[in-house]
Every structure is written in structure tokens, then in C-alpha cells.
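Below is one structure, written out as C-alpha cells, with a few remarks after it.
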Amino acid sequence: MIRIQDLRKSFGELEVLKGITDTIFQGEVVVVIGPSGSGKSTFLRCINKMEDATSGDILLDGNSILRSDVDINKVRQKVGMVFQHFNLFPHMSVLDNITLAPIKVKGMSKDEAQKVAFDLLDKVGLRDKANEYPSRLSGGQKQRIAIARALAMNPEVMLFDEPTSALDPEMVKEVLQVILDLANEGMTMVIVTHEMGFAREVGTRLMFMDGGVIVENGNPKDVFDNPQNDRTKLFFSKVL
Amino acid sequence: MFTMDRTMAFFEIFINGRYYETVLDGLYNTILLSLIATGVGLAIGLVVAVSQILKVESDNRFIKVFVKVFKFITKVYVDIIRGTPAVVQISFLWLVVLGPLDLPRVLVGGIAFGINSGAYMAEVIRGGIVAIDKGQMEAGRSLGLSYGQTMMVIILPQAIKQMLPALVNEFIVLIKETAIIGFIGGMDLMKAADIMIGNTYNFEIPLIMVAIIYLMLTSILTWFMRGIERRLNKQG
């Protein structure tokens, strides 16, 4: 469970998050949508401290992750992240990309880590690419590997930062399918996306952000079909 | 200047006095000196580069102050090295700092040139590191790797590939620059030429001879560097 309390974040003069309060329960799939510049990516990146919150608090399983005596590397083992631009390690094979953190951080043996990696490669349908280098993969394949890499640490929560925004249209589906499978397995996830159809399908909750605040927050079908706020209505009128 | 007689006379002394051994000695020292200097320069350059890039994550006040002081020291070091002639630095290190330690001159020279070269390599290394997409650091950190681990396993291996041509170039610069080791009485190729000049009263042949050897050394390295560049471009 992640509790977010009055989270604020400023970049210099610019306040990007203006007080976010929310609780993400285990098994929830929270989809975050909103216009660009609304702070949704920053919000996501605060959850695993990729960005330092300016004020407020974030509690993971009841413990603040913002306190200075917290070992952030320990926290990040529980929170997997998938990036818009995949960020695979280009100098390593697919298998090494996936096994690196389990070996280095968790102290897994190489055999054990590779076993985990192959299971995950099966899951994302890319077992035959284990020994390829990232440069030989398509965008969709890269992103599926990136998901497998994050899952290899067996995280409690997965964060997705616009996972399909950098993909060619024909590759979006294969990545969304992997995320959908994860949702069906009960993985707790926070997903920032522009894929509205997907948001409706996968989300157990939809969060609409604008101007650094949560404008609307609820069941995806309710929010889509019956938005309460004018800003939400305006946004939907543009994207749907 | 270039008369047949003069040249013949030189080579007679060159062979009879076994001065080719002096040249080989000098060549050996030049290469050894440059290698030591490159090693020392790389180590210093890496520390300086990382110190300049480093962002403190800890709230520990001691660590914060320590890093701040360290950053300041490395910056002063780079400014001094870049702002003064190498020959002054080498002489100073030899006569004032390292001289009294009674070490072999080639080692002292290597360390001294390494200290000089480190300031330049730091810039090459820093450039190589910051050229790596910041998403790489984020990906490593998001998996729970520490800053140091991410640096060593993810950033540096990629950065070194980018930096390799520039670092080989720095090695070429060192091969040529170490010619001033004679200022502190060290033996190298240039010193070998000096010795031959002193003993044969022939200036032109020894200088041309060592110039050709320097040129061959740097040409081989340049050729090697181009090869690396070609391979990297293919991968790119």
C-alpha cells in the first residue's frame, strides 16, 4: 500500500505538483491521465524517488520513503519502473539486462537469476531473444524486455511512465497485452498513459490530473462516461 | 650541414659507440614513461571527472562538506594544471615534491606526467560520462543499484567506448610531451638524441632519427585509433 500525503514538487520557481493526496491499495491498477505538463509523470517519478518531493510524504507499507535515513535502494527493490524510452542497457545482452539487478542487488546466484529471467522472457514471449543485444530488437520488444527486467526484482508495485508513447503504432498492442496480463495476475500498478481505451480496460481506478492536482479520481467507467469536472470534460472532448 | 662525410662520420660513431643502444634505451623509456603517465592520468582523471559529476544524495553533513571540499580541490587542480606549462609542473614535482623520495626517474616522470595528463583526461572522461543518456542512470537506480554500482556497471562501460579514441589521442600527446623529461635529467628518446649530439657534434641526424621514431610511434597509434573509431561507428 502506498499512501501519498500532500505531495508537492517544485522545479525552481515552477510548482509542478500542488498537493497530491491518495492511497494506492494492493492489487489496484491506477491509470493516470491528463494533458502534458499536468504533473502526472512527475507524480509517478516521486513514488520511487526518481524525483525528490519538495514537501509532503510518501509511505510505502506504512514507512516514509522520504526520510533521510531511508535506504532508497532498498525501497526501489520493491518498486519497479518502466520508462517511456525503455532504457535498456545497450552494452548487455537481453539476459544480462534482466539478471543484472537480481545478481548485483539481491545477491542471487547466476543460475537462479537466469532461471527467473527465462520464466519472465516466456511471460513476455521473448525467450528466443535472450542472447540478443537491445539494438537488434524492435521498440515493442525492447519495452517488453524492460518490463521483464523490472519484474525480475519481484517488486510489490510497478510504475509505468508512458510505456507506449515512444512506440510505433503497430507495436503498442503487444506491450499493452503484457501489462494487461500483469493486471490480471493482481500486480499493483500505477500507469501514466495516453491510451484511453487501454485506460478504460485495464484500470481499476482512473486519476485525471491537471495543473499539478488530481481533478478526478474514481472508477474508470464512471469517469469516462460521466466526468464531473469541466476540465475533465474538456480533456475528453479533445482526446476521445 | 648535410655532407656525405659528416653523415658517414656520425654513423661510424653511432655503430662503434653502440649508440643504437642509447636510442633503444630512450625508446623504451619513452614508451614506459607514457604508459605509466597514461595509467596515472586515467586514475586521476576518473576520480576528478566523477567528483565533478557527483551529486550528493546523503543528508549527512560530514559527507556533504567532504564532497564540496573534494570538488573544490579537483577544480583547483584542473585549473592549475591547465594554466601552467607542463615543464614547470614536471620540474616542480621532480625537484620539490617527488625528488627527495629517491625513486627511479622514469617512475617519478611517469607520475608527474600522469598528474599533468589527469587534468586533461578528466575532461575527456567527464564528457564521455555526461554523453550517456541519463535514462541509463535512472534505469540502473530504479532497479535498486547504488550510484556507484550503476556508474561502474552501466555508465562507465558505455562511456569508455565513447572515450577510447580521445584517450588514445591523449596517449599520443603524452608520447610527444614526455620529450621534456630531459629537463629533470630523465632518459628518453629526446635525451638519446641529446647524448648523440653531444658526442658526435652532429645535430641533424640524431634529431631526424628520433623524429622518425616518434612519428612511427604516433602513426601506429593513430592507425590503431582509427580502427577503434571505425569499429565503434559500425556498432553505433
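Chain A is the first sequence line, chain B the second, and so forth, proteins listed ahead of strands; every chain is numbered from 1. Predicted, not measured: the structure shown is a model, and the values here were computed from it.
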Any heavy-atom pair between the side chains of [Y] and [X] that's under 4.5 Å?
| X | Y | result |
| --- | --- | --- |
| B:P157 | A:F89 | no |
| A:I72 | B:R141 | yes |
| A:R149 | B:L143 | yes |

message: Please classify the contact between A:L100 and chain B as side chain, backbone, both or neither, with a heavy-atom cut-off of under 4.5 Å.
response: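 Only the side chain of A:L100 comes within 4.5 Å of chain B.
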
query: Under a 4.5 Å heavy-atom cut-off, does chain B meet the side chain of A:V79, its backbone, both or neither?
result: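 A:V79 touches chain B through backbone heavy atoms alone.
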
Assess whether atom [atom1] of [X] is packed by more than 12 heavy atoms of other residues, nucleotides or ligands within 6.0 Å.
| X | atom1 | result |
| --- | --- | --- |
| B:F183 | CZ | no |
| A:M1 | CE | yes |
| B:F62 | CZ | no |
| B:F92 | CZ | no |
| A:R3 | CZ | no |
| B:R226 | CZ | no |

When rounded to the nearest 0.5 angstrom, what is the spacing between [atom1] in [X] and [atom2] in [Y]?
| X | Y | atom1 | atom2 | result |
| --- | --- | --- | --- | --- |
| B:K134 | A:H85 | NZ | NE2 | 9.0 Å |
| B:E138 | A:N48 | CD | CG | 9.0 Å |
| A:D69 | B:N60 | CG | CG | 11.5 Å |
| A:K104 | B:S146 | NZ | OG | 9.5 Å |

- request: Begin from the C-alpha positions of B:D133 and A:N87 and carry the test side-chain contact (heavy atoms from CB on, under 4.5 Å) through to its verdict.
  value: CA-CA 9 Å; B:D133 178 24; A:N87 299 346; 3.9 Å; yes

- request: Below 4.5 Å from any heavy atom of chain A, which atoms of B:Q136 appear? Answer side chain, backbone, both or neither.
  value: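 Both the backbone and the side chain of B:Q136 come within 4.5 Å of chain A.
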
- request: Can you see which heavy atom on A:F83 is nearest to which on B:A139, and at what distance?
  value: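 Heavy atoms of A:F83 and B:A139 come nearest at CE1-CA, 3.7 Å.
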
field: Shortest non-hydrogen contact between A:P90 and B:Q158, atoms and distance
entry: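 Scanning both residues, the minimum pair turns out to be CG-OE1, 3.2 Å.
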
- prompt: Distance-only, no hydrogens or angles: does the A:H91 side chain make a donor-acceptor pair with backbone N or O of B:V153 under 3.5 Å?
  reply: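 Judged by distance alone, yes, a pair lies under 3.5 Å.
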
